Protein chains: 2
Amino acid sequence: MDTKSLLIDTATTLFQQKGYKNVGLNEILKACNVTKGALYHHFPNGKEELLITCLHGLNEDITTDIEAIFSRHLSTEDAILSMIDKLIGNFEKNGTIIGYTFSSIVSEMATMSEPVRIACSALYENMQAIYHEKLMTEGYSNESASAIAMLLTTSIEGAIMLCITQKSATPLKTIATLLPSILKVNK
Amino acid sequence: MDTKSLLIDTATTLFQQKGYKNVGLNEILKACNVTKGALYHHFPNGKEELLITCLHGLNEDITTDIEAIFSRHLSTEDAILSMIDKLIGNFEKNGTIIGYTFSSIVSEMATMSEPVRIACSALYENMQAIYHEKLMTEGYSNESASAIAMLLTTSIEGAIMLCITQKSATPLKTIATLLPSILKVNK
DNA sequence: CCTAACATACCAACGGGTCTGTTTTGTAGT
DNA sequence: ACTACAAAACAGACCCGTTGGTATGTTAGG
(Lines give C-alpha, C1' and ligand atoms only; values in the text may rest on other atoms or scores of the structure.)
Protein backbone atom coordinates (compact mmCIF):
# COMPACT_ATOMS: atom_id res chain seq x y z
CA MET A 1 0.00 0.00 0.00
CA ASP A 2 1.23 3.49 -0.70
CA THR A 3 2.36 5.68 2.13
CA LYS A 4 -0.60 8.02 2.05
CA SER A 5 -3.19 5.26 2.28
CA LEU A 6 -1.21 3.54 4.98
CA LEU A 7 -1.18 6.75 6.95
CA ILE A 8 -4.92 7.23 6.54
CA ASP A 9 -5.71 3.67 7.52
CA THR A 10 -3.55 3.73 10.62
CA ALA A 11 -4.80 7.12 11.72
CA THR A 12 -8.42 6.16 11.12
CA THR A 13 -8.14 3.17 13.41
CA LEU A 14 -6.35 5.08 16.13
CA PHE A 15 -8.71 8.05 15.98
CA GLN A 16 -11.71 5.75 16.27
CA GLN A 17 -10.21 3.88 19.17
CA LYS A 18 -8.94 6.79 21.19
CA GLY A 19 -10.35 10.00 19.81
CA TYR A 20 -8.43 12.87 18.31
CA LYS A 21 -6.51 14.53 21.09
CA ASN A 22 -5.61 11.21 22.65
CA VAL A 23 -3.60 10.26 19.59
CA GLY A 24 -0.35 12.04 18.91
CA LEU A 25 1.30 12.37 15.55
CA ASN A 26 4.29 10.40 16.75
CA GLU A 27 2.04 7.57 17.77
CA ILE A 28 0.50 7.37 14.31
CA LEU A 29 3.89 7.62 12.68
CA LYS A 30 5.39 4.90 14.80
CA ALA A 31 2.40 2.61 14.25
CA CYS A 32 2.95 2.55 10.51
CA ASN A 33 6.66 3.28 10.28
CA VAL A 34 6.29 6.52 8.42
CA THR A 35 8.28 9.65 9.14
CA LYS A 36 7.08 13.12 9.86
CA GLY A 37 8.44 14.34 6.56
CA ALA A 38 6.24 11.94 4.64
CA LEU A 39 3.20 12.93 6.66
CA TYR A 40 3.65 16.63 6.06
CA HIS A 41 4.37 15.94 2.42
CA HIS A 42 0.96 14.35 1.95
CA PHE A 43 -0.89 16.49 4.50
CA PRO A 44 0.67 19.95 4.49
CA ASN A 45 -1.94 21.21 6.92
CA GLY A 46 -1.02 18.60 9.47
CA LYS A 47 -3.07 16.64 11.91
CA GLU A 48 -6.47 18.18 11.31
CA GLU A 49 -6.21 17.68 7.57
CA LEU A 50 -5.32 14.06 8.20
CA LEU A 51 -8.34 13.69 10.46
CA ILE A 52 -10.70 15.17 7.93
CA THR A 53 -9.34 12.91 5.23
CA CYS A 54 -9.90 9.97 7.55
CA LEU A 55 -13.46 11.08 8.20
CA HIS A 56 -14.21 11.32 4.49
CA GLY A 57 -12.84 7.83 3.88
CA LEU A 58 -14.70 6.44 6.84
CA ASN A 59 -17.84 8.10 5.63
CA GLU A 60 -17.58 6.39 2.28
CA ASP A 61 -16.79 3.02 3.78
CA ILE A 62 -19.66 3.14 6.21
CA THR A 63 -22.11 4.38 3.64
CA THR A 64 -21.09 1.69 1.18
CA ASP A 65 -21.34 -0.97 3.82
CA ILE A 66 -24.75 0.06 5.03
CA GLU A 67 -26.01 0.36 1.49
CA ALA A 68 -24.86 -3.19 0.84
CA ILE A 69 -26.71 -4.45 3.88
CA PHE A 70 -29.82 -2.57 2.88
CA SER A 71 -29.75 -3.97 -0.62
CA ARG A 72 -29.45 -7.49 0.73
CA HIS A 73 -32.63 -7.21 2.76
CA LEU A 74 -36.14 -6.60 1.61
CA SER A 75 -37.48 -4.71 4.59
CA THR A 76 -35.99 -1.90 6.63
CA GLU A 77 -36.58 -4.01 9.69
CA ASP A 78 -34.46 -6.89 8.44
CA ALA A 79 -31.74 -4.54 7.26
CA ILE A 80 -31.56 -2.65 10.55
CA LEU A 81 -31.52 -5.83 12.58
CA SER A 82 -28.79 -7.24 10.40
CA MET A 83 -26.83 -4.04 10.79
CA ILE A 84 -27.15 -4.10 14.55
CA ASP A 85 -26.12 -7.74 14.56
CA LYS A 86 -22.99 -6.78 12.74
CA LEU A 87 -22.32 -4.01 15.24
CA ILE A 88 -22.76 -6.42 18.11
CA GLY A 89 -20.43 -8.94 16.50
CA ASN A 90 -17.94 -6.18 15.91
CA PHE A 91 -18.17 -5.09 19.51
CA GLU A 92 -17.96 -8.52 21.05
CA LYS A 93 -14.96 -9.36 18.93
CA ASN A 94 -12.93 -6.20 19.36
CA GLY A 95 -14.24 -4.84 22.64
CA THR A 96 -14.94 -1.60 20.87
CA ILE A 97 -16.77 -0.45 17.80
CA ILE A 98 -14.73 0.63 14.85
CA GLY A 99 -16.03 1.16 11.41
CA TYR A 100 -19.53 2.34 12.17
CA THR A 101 -19.18 5.37 14.28
CA PHE A 102 -16.85 8.15 15.18
CA SER A 103 -18.81 9.36 18.12
CA SER A 104 -15.67 10.06 20.05
CA ILE A 105 -14.49 12.43 17.39
CA VAL A 106 -17.89 14.00 16.98
CA SER A 107 -18.31 14.90 20.58
CA GLU A 108 -14.72 15.80 21.10
CA MET A 109 -14.28 17.99 18.06
CA ALA A 110 -17.70 19.16 16.88
CA THR A 111 -17.52 22.24 19.04
CA MET A 112 -13.82 22.85 18.40
CA SER A 113 -13.47 22.69 14.64
CA GLU A 114 -16.08 23.60 12.10
CA PRO A 115 -14.59 21.55 9.22
CA VAL A 116 -14.53 18.48 11.41
CA ARG A 117 -18.10 19.07 12.54
CA ILE A 118 -19.25 19.30 8.93
CA ALA A 119 -17.44 16.10 8.01
CA CYS A 120 -19.08 14.28 10.91
CA SER A 121 -22.46 15.69 10.10
CA ALA A 122 -22.24 14.28 6.61
CA LEU A 123 -22.13 10.72 7.87
CA TYR A 124 -25.30 11.04 9.88
CA GLU A 125 -27.04 12.54 6.89
CA ASN A 126 -25.92 9.71 4.66
CA MET A 127 -27.14 7.09 7.07
CA GLN A 128 -30.49 8.76 7.45
CA ALA A 129 -30.80 9.09 3.70
CA ILE A 130 -30.35 5.34 3.27
CA TYR A 131 -32.93 4.55 5.92
CA HIS A 132 -35.29 7.12 4.50
CA GLU A 133 -35.10 5.79 0.98
CA LYS A 134 -35.76 2.24 2.06
CA LEU A 135 -38.71 3.31 4.16
CA MET A 136 -40.19 5.20 1.26
CA THR A 137 -40.06 2.13 -0.95
CA GLU A 138 -41.97 0.32 1.76
CA GLY A 139 -44.76 2.84 1.56
CA TYR A 140 -44.13 5.08 4.53
CA SER A 141 -45.10 8.70 4.19
CA ASN A 142 -42.30 11.16 3.70
CA GLU A 143 -42.62 12.68 7.17
CA SER A 144 -42.93 9.31 8.78
CA ALA A 145 -39.88 8.03 6.97
CA SER A 146 -37.86 11.07 8.02
CA ALA A 147 -38.83 10.75 11.63
CA ILE A 148 -38.15 7.04 11.79
CA ALA A 149 -34.82 7.44 10.03
CA MET A 150 -33.89 9.99 12.64
CA LEU A 151 -34.91 7.77 15.52
CA LEU A 152 -32.98 4.85 14.09
CA THR A 153 -29.88 6.98 13.77
CA THR A 154 -30.09 8.48 17.24
CA SER A 155 -30.94 5.27 19.07
CA ILE A 156 -28.20 3.28 17.37
CA GLU A 157 -25.64 5.99 17.92
CA GLY A 158 -26.71 6.34 21.53
CA ALA A 159 -26.64 2.59 22.01
CA ILE A 160 -23.09 2.44 20.72
CA MET A 161 -22.10 5.01 23.30
CA LEU A 162 -23.76 3.05 26.06
CA CYS A 163 -22.10 -0.15 24.93
CA ILE A 164 -18.71 1.50 25.14
CA THR A 165 -19.46 3.05 28.49
CA GLN A 166 -20.88 -0.08 30.03
CA LYS A 167 -18.52 -2.48 28.30
CA SER A 168 -21.45 -4.59 27.23
CA ALA A 169 -23.42 -5.24 24.08
CA THR A 170 -26.71 -5.19 25.96
CA PRO A 171 -27.78 -1.70 24.88
CA LEU A 172 -27.58 -2.64 21.21
CA LYS A 173 -29.30 -5.96 21.86
CA THR A 174 -32.08 -4.29 23.78
CA ILE A 175 -32.94 -1.61 21.29
CA ALA A 176 -32.95 -4.26 18.57
CA THR A 177 -35.97 -5.81 20.27
CA LEU A 178 -37.90 -2.54 20.30
CA LEU A 179 -37.11 -0.91 16.99
CA PRO A 180 -39.36 -3.27 14.96
CA SER A 181 -42.41 -2.13 16.86
CA ILE A 182 -41.72 1.47 15.92
CA LEU A 183 -41.53 0.53 12.31
CA LYS A 184 -44.84 -1.26 12.49
CA VAL A 185 -46.76 1.38 14.36
CA ASN A 186 -45.80 4.33 12.24
CA LYS A 187 -46.37 2.79 8.88
CA MET B 1 -18.25 30.18 47.29
CA ASP B 2 -15.26 28.30 48.54
CA THR B 3 -12.35 27.65 46.25
CA LYS B 4 -12.96 23.96 45.81
CA SER B 5 -16.58 24.37 44.73
CA LEU B 6 -15.62 27.21 42.45
CA LEU B 7 -13.03 24.99 40.85
CA ILE B 8 -15.51 22.16 40.37
CA ASP B 9 -18.17 24.42 38.90
CA THR B 10 -15.82 26.06 36.45
CA ALA B 11 -14.23 22.80 35.40
CA THR B 12 -17.61 21.10 35.00
CA THR B 13 -18.80 23.75 32.59
CA LEU B 14 -15.60 23.73 30.58
CA PHE B 15 -15.39 19.95 30.42
CA GLN B 16 -18.97 19.75 29.19
CA GLN B 17 -18.41 22.39 26.58
CA LYS B 18 -15.10 21.24 25.20
CA GLY B 19 -14.35 17.77 26.50
CA TYR B 20 -11.46 16.75 28.68
CA LYS B 21 -8.32 17.01 26.63
CA ASN B 22 -9.46 20.22 25.02
CA VAL B 23 -9.42 21.97 28.37
CA GLY B 24 -6.08 22.72 29.98
CA LEU B 25 -5.50 23.23 33.67
CA ASN B 26 -4.33 26.75 33.04
CA GLU B 27 -7.57 27.51 31.25
CA ILE B 28 -9.63 26.31 34.19
CA LEU B 29 -7.42 28.18 36.62
CA LYS B 30 -7.64 31.43 34.70
CA ALA B 31 -11.41 31.12 34.28
CA CYS B 32 -11.97 31.16 38.03
CA ASN B 33 -8.90 33.02 39.23
CA VAL B 34 -7.48 30.19 41.22
CA THR B 35 -3.84 29.22 41.29
CA LYS B 36 -2.21 25.92 40.64
CA GLY B 37 -1.23 25.59 44.26
CA ALA B 38 -4.84 25.74 45.33
CA LEU B 39 -5.90 23.20 42.74
CA TYR B 40 -3.31 20.66 43.77
CA HIS B 41 -4.12 21.30 47.39
CA HIS B 42 -7.73 20.23 46.88
CA PHE B 43 -7.05 17.65 44.18
CA PRO B 44 -3.67 16.06 44.88
CA ASN B 45 -4.12 13.64 42.00
CA GLY B 46 -4.54 16.44 39.54
CA LYS B 47 -6.72 16.81 36.52
CA GLU B 48 -8.29 13.38 36.41
CA GLU B 49 -9.34 13.57 40.04
CA LEU B 50 -10.93 16.93 39.31
CA LEU B 51 -12.78 15.43 36.36
CA ILE B 52 -14.12 12.53 38.37
CA THR B 53 -15.27 14.89 41.10
CA CYS B 54 -17.05 16.94 38.45
CA LEU B 55 -18.72 13.83 37.07
CA HIS B 56 -20.00 12.83 40.48
CA GLY B 57 -21.46 16.26 41.08
CA LEU B 58 -22.98 16.36 37.63
CA ASN B 59 -24.44 12.93 38.17
CA GLU B 60 -26.20 14.06 41.32
CA ASP B 61 -27.49 17.25 39.76
CA ILE B 62 -28.86 15.51 36.71
CA THR B 63 -30.43 12.71 38.68
CA THR B 64 -32.08 15.16 41.05
CA ASP B 65 -33.36 17.24 38.19
CA ILE B 66 -34.80 14.33 36.26
CA GLU B 67 -36.38 12.95 39.39
CA ALA B 68 -38.07 16.29 39.97
CA ILE B 69 -39.45 16.31 36.46
CA PHE B 70 -40.69 12.75 36.81
CA SER B 71 -42.43 13.51 40.08
CA ARG B 72 -44.20 16.48 38.51
CA HIS B 73 -45.76 14.38 35.79
CA LEU B 74 -48.16 11.51 36.07
CA SER B 75 -47.12 9.52 33.04
CA THR B 76 -43.72 8.57 31.72
CA GLU B 77 -44.74 10.06 28.42
CA ASP B 78 -45.44 13.48 29.88
CA ALA B 79 -42.25 13.40 31.91
CA ILE B 80 -40.06 12.41 28.98
CA LEU B 81 -41.60 15.02 26.72
CA SER B 82 -41.13 17.65 29.37
CA MET B 83 -37.55 16.59 29.80
CA ILE B 84 -36.87 16.78 26.09
CA ASP B 85 -38.52 20.18 25.99
CA LYS B 86 -36.12 21.34 28.62
CA LEU B 87 -33.20 19.96 26.65
CA ILE B 88 -34.38 21.75 23.54
CA GLY B 89 -34.77 25.01 25.42
CA ASN B 90 -31.33 24.52 26.88
CA PHE B 91 -29.88 23.90 23.45
CA GLU B 92 -31.60 26.77 21.70
CA LYS B 93 -30.56 29.15 24.43
CA ASN B 94 -26.92 28.16 24.83
CA GLY B 95 -26.15 26.62 21.47
CA THR B 96 -24.97 23.57 23.32
CA ILE B 97 -26.29 21.22 25.93
CA ILE B 98 -24.84 21.47 29.35
CA GLY B 99 -26.26 19.89 32.43
CA TYR B 100 -27.80 16.77 30.94
CA THR B 101 -25.04 14.95 29.27
CA PHE B 102 -21.34 14.44 29.23
CA SER B 103 -21.22 12.53 26.02
CA SER B 104 -18.04 14.28 25.01
CA ILE B 105 -16.30 12.99 28.09
CA VAL B 106 -17.78 9.54 27.78
CA SER B 107 -16.59 8.91 24.29
CA GLU B 108 -13.31 10.65 24.76
CA MET B 109 -12.33 9.04 28.03
CA ALA B 110 -14.28 5.79 28.44
CA THR B 111 -11.60 3.81 26.69
CA MET B 112 -8.74 5.73 28.27
CA SER B 113 -9.52 5.74 31.97
CA GLU B 114 -11.42 3.10 33.87
CA PRO B 115 -12.40 5.35 36.82
CA VAL B 116 -13.83 7.87 34.41
CA ARG B 117 -15.71 5.20 32.50
CA ILE B 118 -17.27 3.96 35.72
CA ALA B 119 -18.30 7.44 36.75
CA CYS B 120 -19.96 7.99 33.39
CA SER B 121 -21.66 4.63 33.45
CA ALA B 122 -23.29 5.50 36.75
CA LEU B 123 -25.23 8.35 35.22
CA TYR B 124 -26.78 6.23 32.52
CA GLU B 125 -27.78 3.68 35.10
CA ASN B 126 -29.41 6.32 37.27
CA MET B 127 -31.39 7.71 34.38
CA GLN B 128 -32.58 4.30 33.34
CA ALA B 129 -33.55 3.47 36.90
CA ILE B 130 -35.77 6.53 37.07
CA TYR B 131 -37.47 5.70 33.79
CA HIS B 132 -37.83 2.08 34.81
CA GLU B 133 -39.44 2.86 38.13
CA LYS B 134 -41.97 5.19 36.58
CA LEU B 135 -42.85 2.65 33.92
CA MET B 136 -43.40 -0.02 36.54
CA THR B 137 -45.88 2.17 38.39
CA GLU B 138 -47.73 2.51 35.12
CA GLY B 139 -48.11 -1.21 34.85
CA TYR B 140 -45.44 -2.19 32.39
CA SER B 141 -43.84 -5.57 32.80
CA ASN B 142 -40.36 -5.62 34.22
CA GLU B 143 -38.72 -6.63 30.95
CA SER B 144 -40.74 -4.18 28.97
CA ALA B 145 -39.87 -1.37 31.37
CA SER B 146 -36.17 -2.22 31.17
CA ALA B 147 -36.16 -2.28 27.40
CA ILE B 148 -38.07 0.96 27.08
CA ALA B 149 -35.88 2.68 29.63
CA MET B 150 -32.88 1.64 27.60
CA LEU B 151 -34.34 2.89 24.36
CA LEU B 152 -35.25 6.21 25.94
CA THR B 153 -31.72 6.62 27.22
CA THR B 154 -30.02 5.70 23.97
CA SER B 155 -32.27 7.71 21.70
CA ILE B 156 -32.05 10.84 23.82
CA GLU B 157 -28.31 10.56 24.17
CA GLY B 158 -27.93 9.94 20.47
CA ALA B 159 -30.23 12.84 19.67
CA ILE B 160 -28.12 15.16 21.80
CA MET B 161 -25.08 14.14 19.82
CA LEU B 162 -26.85 14.77 16.56
CA CYS B 163 -28.06 18.16 17.74
CA ILE B 164 -24.53 19.17 18.55
CA THR B 165 -23.18 17.83 15.28
CA GLN B 166 -25.87 19.39 13.13
CA LYS B 167 -26.19 22.56 15.17
CA SER B 168 -29.93 22.12 15.25
CA ALA B 169 -32.56 21.02 17.74
CA THR B 170 -34.38 19.00 15.11
CA PRO B 171 -33.13 15.59 16.22
CA LEU B 172 -34.55 16.05 19.70
CA LYS B 173 -37.77 17.48 18.34
CA THR B 174 -38.17 14.60 15.94
CA ILE B 175 -37.65 11.78 18.39
CA ALA B 176 -40.08 13.48 20.74
CA THR B 177 -42.80 12.83 18.20
CA LEU B 178 -42.03 9.12 17.99
CA LEU B 179 -41.24 8.09 21.55
CA PRO B 180 -44.88 8.21 22.71
CA SER B 181 -45.85 5.51 20.22
CA ILE B 182 -43.23 3.19 21.65
CA LEU B 183 -44.64 3.68 25.10
CA LYS B 184 -48.12 2.86 23.92
CA VAL B 185 -47.27 -0.19 21.87
CA ASN B 186 -45.18 -1.99 24.43
CA LYS B 187 -47.46 -1.52 27.40
C1' DC C 1 18.05 16.81 -14.01
C1' DC C 2 14.05 18.24 -11.99
C1' DT C 3 10.44 17.17 -9.06
C1' DA C 4 7.95 14.25 -5.98
C1' DA C 5 8.69 11.52 -2.03
C1' DC C 6 10.59 11.01 1.62
C1' DA C 7 14.05 11.37 6.11
C1' DT C 8 15.80 13.66 10.26
C1' DA C 9 17.20 17.15 13.23
C1' DC C 10 15.25 20.76 15.37
C1' DC C 11 11.99 24.17 17.63
C1' DA C 12 8.85 26.86 20.39
C1' DA C 13 4.68 26.28 22.94
C1' DC C 14 2.09 24.01 26.00
C1' DG C 15 0.79 20.18 28.86
C1' DG C 16 0.31 18.43 33.56
C1' DG C 17 2.69 18.25 37.62
C1' DT C 18 6.02 19.54 41.55
C1' DC C 19 8.44 22.54 44.75
C1' DT C 20 9.10 25.88 48.02
C1' DG C 21 7.50 29.68 50.22
C1' DT C 22 3.75 32.60 52.20
C1' DT C 23 -0.63 33.71 54.23
C1' DT C 24 -4.64 32.57 56.74
C1' DT C 25 -7.14 30.09 60.10
C1' DG C 26 -8.28 27.37 63.88
C1' DT C 27 -7.03 26.24 68.55
C1' DA C 28 -4.82 25.50 73.03
C1' DG C 29 -2.58 27.51 76.97
C1' DT C 30 -1.94 31.08 80.19
C1' DA D 1 -7.65 38.67 75.66
C1' DC D 2 -3.33 37.68 74.04
C1' DT D 3 0.17 34.74 72.42
C1' DA D 4 2.04 30.59 70.31
C1' DC D 5 1.98 27.43 67.07
C1' DA D 6 0.53 24.03 63.99
C1' DA D 7 -2.00 22.91 60.08
C1' DA D 8 -4.71 24.12 56.28
C1' DA D 9 -5.10 27.00 52.27
C1' DC D 10 -3.13 29.07 49.11
C1' DA D 11 0.51 31.60 45.60
C1' DG D 12 3.67 31.31 41.99
C1' DA D 13 8.03 29.96 40.08
C1' DC D 14 9.91 26.10 38.00
C1' DC D 15 10.42 21.47 35.57
C1' DC D 16 10.47 18.42 31.85
C1' DG D 17 8.19 15.52 28.62
C1' DT D 18 5.33 15.83 24.68
C1' DT D 19 2.98 18.24 21.17
C1' DG D 20 2.25 19.75 16.49
C1' DG D 21 4.90 21.85 13.24
C1' DT D 22 9.15 23.39 10.37
C1' DA D 23 13.55 23.53 7.95
C1' DT D 24 16.93 21.45 5.59
C1' DG D 25 18.84 17.62 3.60
C1' DT D 26 18.67 13.22 0.88
C1' DT D 27 16.91 9.76 -2.28
C1' DA D 28 14.38 7.80 -6.09
C1' DG D 29 11.66 8.02 -10.38
C1' DG D 30 10.26 9.88 -14.85
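Each chain gets a letter, A, B and so on, in the order its sequence line appears, and its residues count up from 1. Since this is a predicted model, take the numbers as computed values, not measurements. As a basis for the values below, the full set of heavy atoms in this structure was taken, side chains included, without hydrogen atoms, waters or symmetry mates.
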**Request:** Walk along DNA chain C from 5' to 3' and tell me the first and last nucleotide with an atom closer than 4.0 Å to a non-hydrogen atom of chain A.
**Result:**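 Going 5' to 3' along DNA chain C, contacts run C/dA4 to C/dT8.
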
**Asked** Looking at A/Thr174 and B/Ala147, what are the two nearest heavy atoms and their distance?
**Response**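 Smallest interatomic distance, heavy atoms only, reads CG2-CA, 3.5 Å.
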
Cation over ring face, [X] and [Y], 6.0 Å, 45°:
| X | Y | result |
| --- | --- | --- |
| B/Lys47 | B/Tyr20 | yes |
| A/Lys134 | A/Tyr140 | no |
| A/Lys4 | A/Phe43 | yes |

**Asked** Any donor and acceptor pair, going by atom type alone, linking the side chain of A/Asn94 with main-chain N or O of A/Asn90 inside 3.5 Å?
**Response**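 Yes, because the side chain of A/Asn94 sits within donor-acceptor range (under 3.5 Å) of the backbone of A/Asn90.
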
**Item:** Lys/Arg-Asp/Glu bridge criterion (N-O < 4.0 Å) met for A/Asp78, A/Arg72
**Value:**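 No, this pair does not count.
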
Using only heavy-atom distances, determine whether the side chains of [X] and [Y] contain a donor-acceptor pair under 3.5 Å.
| X | Y | result |
| --- | --- | --- |
| A/Asp2 | A/Ser5 | yes |
| B/Thr76 | B/Glu138 | yes |
| A/Ser113 | A/Glu48 | yes |

**Pairwise 5' ranking along DNA chain D for A/Lys47 and B/Lys4, keeping only the more 5' one** =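 Mapping each residue to its closest nucleotide by heavy atoms, the 5'-most match is B/Lys4.
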
**Message:** Do B/Ile84 and B/Ile88 have side chains that approach each other closer than 4.5 Å (heavy atoms only, starting at C-beta)?
**Reply:**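 Side chain of B/Ile84 against side chain of B/Ile88, heavy atoms only: contact under 4.5 Å found.
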
**Request:** Would you mind reporting whether A/Leu179 and A/Leu81 have side-chain heavy atoms less than 4.5 Å apart?
**Result:**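 The answer is no, as the side chains (C-beta and beyond) never meet within the 4.5 Å cut-off.
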
**Request:** Would you mind telling me which residue lines up with the more 5' stretch of DNA chain C, A/His41 or A/Gly37, judged by nearest nucleotide?
**Result:**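 Per heavy-atom nearest nucleotide, the more 5' residue is A/His41.
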
**Request:** Using the closest heavy atom to pick a nucleotide of DNA chain C for each, name whichever of A/Thr35 or B/Pro44 lands nearer the 5' end.
**Result:**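 This one resolves to A/Thr35.
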
When the distance from [atom1] of [X] to [atom2] of [N] is rounded to whole Å, what number comes out?
| X | N | atom1 | atom2 | answer |
| --- | --- | --- | --- | --- |
| B/Lys36 | D/dC14 | NZ | C1' | 10 Å |
| B/Lys30 | D/dA11 | NZ | P | 16 Å |
| B/Tyr40 | D/dC14 | OH | P | 19 Å |
| B/Asp2 | D/dA9 | CG | P | 10 Å |

**Fill in**
Taking Watson-Crick and G-U wobble contacts under 3.5 angstrom, with | marking pairs to another strand and [ ] crossing pairs, the secondary structure of DNA chain D is written ||||||||||||||||||||||||||||||

**Asked** Heavy atom of residues 6-26 of chain B under 4.0 Å from DNA chain D: which residues?
**Response**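 Listed by number, there are none.
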
